[in-house]
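Single-structure report; data block below.
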Amino acid sequence: MKKLAILASGNGTNAQQISEYFAGSGNIIVDVIIYNKKDAYVATRAANLGIESRYFGRRDFLETDKVLDFLRARKVDYLILAGFLLLVPENILKAFPNRVINIHPALLPKYGGKGMYGHHVHEAVVANHERETGITIHIVDGRYDCGTTMFQARCKVMPSDTADDVAAKIHLLEKEFFPPVIESIVMGKPMPVQKNIS
Ligand code: GAR
């Protein structure tokens, strides 16, 4: 059984979808949800799902081995960043080479980097009159939104779309593709077939 630790900073819709997707799996289990903002709603979602959650502050991540020790003690295999807004520190990346997976709500390398997260991304996409956007699932390499791309899926952006409209389309793509892409990476299976949504 491969164990996942999900790392999240906020609402946690992706964390929930991933947890529900793997709930009946005989191969992959969400072992713990880690969050770095005390009031993150993802902690409530974890409780509702019956999944253990644990808060670690910025200092715990950046100035100590507390998080790494915790992950090792639990024998976690992969880290899944699902709306996690802190840069993953070197000690953790070294311990999990090619085993930290992030989702970004745009077609990287466009609209990536520090400060480009969540709604900021969709606002920039609309402001620049993009005709399409999408999601990127990639291996984390120590820089914001960089590392080998494993999967992208696209959706159209209409001239009348607001940032909220784009966010809704992105959430649909995330819901459909993030869990099976994680499964493909962890189990070494083919990626899901991409389809465009309008
Ligand atoms: C998701 O859209 C995810 O792609 C994005 O944050 C949102 C979290 O939503 N991640 C980034 O922007 C990372 N740079 P959620 O908390 O409801 O899953």
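Just so you know, ligand 1 is whichever comes first in the structure, and atom 1 is the first atom listed for that ligand. Counting from 1, the numbers follow the sequence of the chain as shown. Just so it is clear, the values below take in all heavy atoms, side chains as well, and ignore hydrogens, waters and symmetry mates.
- At a heavy-atom cutoff of 4.0 Å, ligand 1 is contacted by the side chain of D145 but not by its backbone.
- In summary, D161 and K169 engage in a salt bridge, as defined by a charged side-chain N under 4.0 Å from a carboxylate O.
- In this structure, G12 has a heavy atom closer than 4.0 Å to ligand 1.
- The side-chain contact (heavy atoms from CB on, under 4.5 Å) test with L93 is passed by exactly one of L87, L79, V140: V140.
- Heavy atoms of M116 come nearer than 4.0 angstrom to ligand 1 in at least one pair.
- Note: F61 and F56 have perpendicular aromatic rings, judged against thresholds of 30 and 60 degrees for the angle between ring planes.
- Ranking protein heavy atoms by distance to atom 14 (N) of ligand 1, first place goes to H104 ND1, 3.1 Å.
- Heavy-atom distances between I103 and ligand 1 reach below 4.0 Å in at least one pair.
- Within a 6.0 Å sphere centred on CZ of R74, other residues, nucleotides and ligands contribute more than 12 heavy atoms.
- The closest protein non-hydrogen atom to atom 7 (C) of ligand 1 is G83 CA, 4.3 Å.
- More than 12 heavy atoms of other residues, nucleotides or ligands lie within 6.0 Å of NZ in K3, so this atom counts as buried by the packing criterion.
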Stepwise side-chain contact (heavy atoms from CB on, under 4.5 Å) check, L4 with V76: CA-CA 6 Å; L4 309 182; V76 164; over 6 Å; no
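- Contact atoms of ligand 1 toward G118: 12 (O) (distance under 4.0 Å to a heavy atom of the residue).
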